[in-house]
Amino acid sequence: MSAGILATMASVAQTGIEPISGPIGIEPISAPVDGAVPTPEITWAALLPLIILGLGGLLLLTLSSLLKRKAPRALYPIWTIATAVLAVASVVPVWAKVQGFNSILWWDFRDLWWQPATTAPGPFSTLGGAYGVDGFSLFVTVLICCAVILTTLLISGYLQREELDGPEPYALLLLAATGGVVMAGANDLIVLFLGLETISIAVYVLAASHLRRAQSQEAGLKYFILGGFSSAFFLYGIAMVYGATGTTNLVLIKSSLAESIPRHDLLLLVGFAMLLVGFGFKVAAVPFHSWSPDVYDGAPSPVVAFMASAVKVAGFAALVRVFVAGFGQYAADWQPLIYALAVLSLVVGSSLAIVQTNVKRTLAYSSISHAGFILIAVEAASETGTAAVLFYAAAYTFMVAGSFGVATLVGRAGDGRHSLDDYKGLGRTNPVLAGTLTIFLLAQAGVPFTVGFVAKFYAVIAAVQAGSAALGVVAMLSAVIAAFLYLRIIVAMYMAEGDDGGSDAPADPADHIHVPRPAAAALAICVLVTIGFGLFPGWLTDMAADSTVVLVEQGSTDASTALPGGQTLIVDDEGNLVPAGDGAVAPTEASDPSADPATGDGAVEAPQVQDPAAAEGTASVERP
């Protein structure tokens with residue numbers, strides 16, 4: 001098939017024939033002018049966060065190889081944090097363009113080199129339509145950068161304590177973040193796969209980075225083997241979707257599914273299932289969770305904080321972008337699968353967590369339960385559900401980073417003291433540290449006045465509004481079960497005589513834990529976010545609600561773009577992105593300049609987008 005496509009393109013380039021139309025939803029291929037090779041249009045300003053993170057990691061490795069042992073110890077963490085902060089700053093003007101703002105506070109964006117004031121506001125795509133820039137992808141980009149900053153603050157003292165100083169973990173963090181950003185904005189399944197592998201390979205190495213711990217090497221190996229297995233499923237899923245729709249571009253897939261029912265409908269459904277296997281592994285959803293407890297237990301604790309925050313956020317972002325935005329017309333087919341994954345994750349995660357005696361394994365099963373809460377928001381397949389996913393991801397990023405930050409410190413030299421017995425008496429010997437962990441545990445339990453309560457409430461509301469009240473009931477019951485495991489750790493910290501295991505050995509009062517300043521700063525940030533947005537969640541909920549995922553085809557100034565909630569955006573005559581009327585559809589037309597306006601001869605008519613319900617019973621057009 002690829003040989004035929006290349007031959008057709010070569011024929012067009014050599015003979016200069018008229019444009020030919022491709023499969024449904026695919027724009028016609030036009031002959032290059034004067035032998036020029038067509039190149040995709042690139043909006044570099046929109047790619048700055050991605051470029052900064054990737055280039056920052058490569059430059060860090062280059063700089064460290066030149067300086068060798070002469071580099072000051074603080075150079076690597078400072079470089080990593082500065083790179084992440086710069087990436088966040090580069091998001092601000094792009095966010096302003098997407099949201100239609102000319103300025104934010106004192107920052108006026110109208111005089112920037114890319115002149116956003118002269119271009120249409122709203123979401124757009126770049127790299128030939130392979131990468132989407134919308135509020136959703138930008139929100140996730142900021143979250144991933146925040147996870148990099150928190151992990152860097154935690155890992156700097158950890159590496160010194162374990163005598164593992166070096167630039168490699170910091171460079172891997174930046175490269176993993178690059179892959180996560182690609183996943184958040186990928187409008188093409190192949191590009192999504194590249195981002196998935198980028199973040200996965202970097203995290204495989206990070207999980208095995210503690211060279212003097214056999215458990216770390218084992219964790220990296222398990223993660224690598226099972227991760228490669230899930231990647232194979234994901235790639236097969238892409239192949240199935242391509243076979244059913246004729247493209248891997250989500251914009252074209254969406255329009256193709258809206259126009260007609262694919263002839264190979266079963267192929268598409270199998271593709272859905274295989275893609276969910278890949279996503280399920282990445283977000284540690286049951287039954288694809290078996291790697292999670294072992295890897296969380298064996299990997300370095302700061303690395304686990306990154307895995308549970310940035311990697312999970314990137315996985316859910318890609319899941320929403322592909323299924324809610326791309327496969328929205330087939331929601332009735334994939335929602336039962338998400339429903340089952342959510343129920344299994346909620347029940348299994350909370351049930352198995354309460355029988356663990358290792359705190360890191362307990363938090364691993366807790367992470368599985370939290371994945372179930374996010375899945376019930378995904379299952380809603382609505383704008384409220386998407387906003388709930390973003391809010392929960394933001395809340396969980398700081399809650400879990402803080403929890404594993406405390407675990408990093410309690411683990412002490414060797415990173416091996418993670419038994420529940422090691423936390424006994426922590427409230428007496430290290431009251432501030434114990435109080436900090438208590439806040440994070442109560443937030444994860446969903447106690448009111450914490451961000452965890454708002455996140456759980458938001459997810460349940462999305463499920464109820466979508467007609468899945470039973471799923472909301474299961475989520476609330478699992479939260480009650482999970483509350484026991486958090487209270488169990490709190491009791492161990494403040495009741496030195498032991499937990500329900502019966503151990504009477506008190507903690508050593510002289511066993512004070514040293515808290516490095518960077519780690520203290522990370523924990524303070526997490527506490528402020530956990531309590532601050534629990535008391536005043538309005539700003540974060542508004543940001544999440546504004547961060548809509550939108551699929552836009554690059555270069556289509558008159559093409560309509562359907563939102564997950566059914567709203568349609570079109571670009572008007574003045575270049576502004578505005579909502580279309582009810583049922584309004586803006587057709588895409590490509591015409592020959594020499595066409596007769598009266599007869600329309602020479603015009604190439606693009607297919608009209610139909611309502612999915614109207615497409616029932618219509619035969620699909622067979623693709624070559």
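Computed over heavy atoms, backbone and side chain alike; hydrogens, waters and symmetry mates excluded.
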Do [X] and [Y] come within less than 4.5 Å of each other through their side chains, counting heavy atoms only?
X      : Y      : value
Val182 : Leu50  : yes
Arg321 : Asn187 : yes
Leu252 : Thr245 : no
Leu540 : Phe391 : yes
Ile368 : Tyr365 : yes
Phe288 : Leu276 : no
Leu319 : Val389 : no
Asp294 : Arg361 : yes

Check [X] against [Y] and note the closest heavy-atom contact, atom names and distance.
X      : Y      : answer
Ala395 : Val451 : CB-CG2, 3.5 Å
Val324 : Ala381 : CG1-CA, 4.2 Å
Leu175 : Thr198 : O-CG2, 3.5 Å
Val355 : Arg488 : C-NH1, 4.2 Å
Ile190 : Asp188 : N-OD1, 2.9 Å
Ala176 : Val203 : CB-CG2, 4.3 Å

Could you tell me whether the side chain of [X] and the main chain of [Y] form a donor-acceptor pair under 3.5 Å?
X      : Y      : answer
Gln444 : Tyr486 : no
Ser366 : Thr362 : no
Thr248 : Leu189 : no
Lys254 : Gly328 : no
Ser230 : Gly227 : yes
Ser345 : Ala342 : no

Check the orientation of [X] and [Y]. Use parallel for under 30°, tilted for 30 to 60°, and perpendicular for over 60°.
X      : Y      : value
Trp291 : Tyr223 : parallel
Phe323 : Phe327 : perpendicular
Phe229 : Phe233 : perpendicular
Phe533 : Trp539 : parallel

Point to revise | Lys222/Asp297 ion pair, N-O < 4.0 Å | key: no
Atom [atom1] of [X] and atom [atom2] of [Y]: how far apart are they, to the nearest 0.5 Å?
X      : Y      : atom1 : atom2 : value
Leu275 : Phe234 : CG    : CZ    : 5.5 Å
Leu487 : Ile354 : CG    : CD1   : 12.0 Å
Leu267 : Tyr242 : CG    : OH    : 12.0 Å
Ile253 : Thr247 : CD1   : OG1   : 5.5 Å
Lys360 : Ser403 : NZ    : OG    : 13.0 Å
Tyr204 : Leu221 : OH    : CG    : 11.5 Å

Practice item. Show the numbers, then the answer: is there a side chain to side chain donor-acceptor pair (under 3.5 Å) between Gln465 and Ser382? Key: CA-CA 9 Å; Gln465 288 182 353; Ser382 64; 5.7 Å; no
Check your understanding: Would Glu383 and Thr548 satisfy side chain to side chain donor-acceptor pair (under 3.5 Å), going step by step from the backbone distance to the final call?
Key -> CA-CA 7 Å; Glu383 292 184 17; Thr548 312; 5.2 Å; no
Practice item. Test ring-ring contact (aromatic ring centres under 6.0 Å, His included) on Phe398 and Phe440 and set out the steps. Key: CA-CA 9 Å; Phe398 290 91; Phe440 298 136; 9.8 Å; no
Check your understanding: Between Val320 and Leu390, does a side-chain contact (heavy atoms from CB on, under 4.5 Å) hold up when you go through it step by step?
Key -> CA-CA 10 Å; Val320 170; Leu390 292 178; over 6 Å; no
Review point. Yes or no on side-chain contact (heavy atoms from CB on, under 4.5 Å) for Leu471 and Val343, after CA distance, side-chain angles and deciding distance?
Key: CA-CA 7 Å; Leu471 191 56; Val343 171; 3.5 Å; yes
Show every donor-acceptor pair shorter than 3.5 Å between a side-chain atom in residues 309-317 and any protein atom, with sequence neighbours excluded, or say none if there are none.
unit_1 : atom_1 : unit_2 : atom_2 : d
Ser309 : OG     : Ala305 : O      : 2.6
Ser309 : OG     : Phe306 : O      : 3.3
Lys312 : NZ     : Val283 : O      : 2.8
Lys312 : NZ     : Ser367 : OG     : 3.2

Check your understanding: Phe281 and Ser231: side-chain contact (heavy atoms from CB on, under 4.5 Å), yes or no, with the steps?
Key -> CA-CA 9 Å; Phe281 174 87; Ser231 294; over 6 Å; no
Point to revise | From CA spacing to verdict: side chain to side chain donor-acceptor pair (under 3.5 Å), Asn358, Tyr296 | key: CA-CA 11 Å; Asn358 182 290; Tyr296 278 33; over 6 Å; no
Point to revise | Step-by-step side-chain contact (heavy atoms from CB on, under 4.5 Å) determination, Val286 to Leu346 | key: CA-CA 9 Å; Val286 178; Leu346 288 168; over 6 Å; no
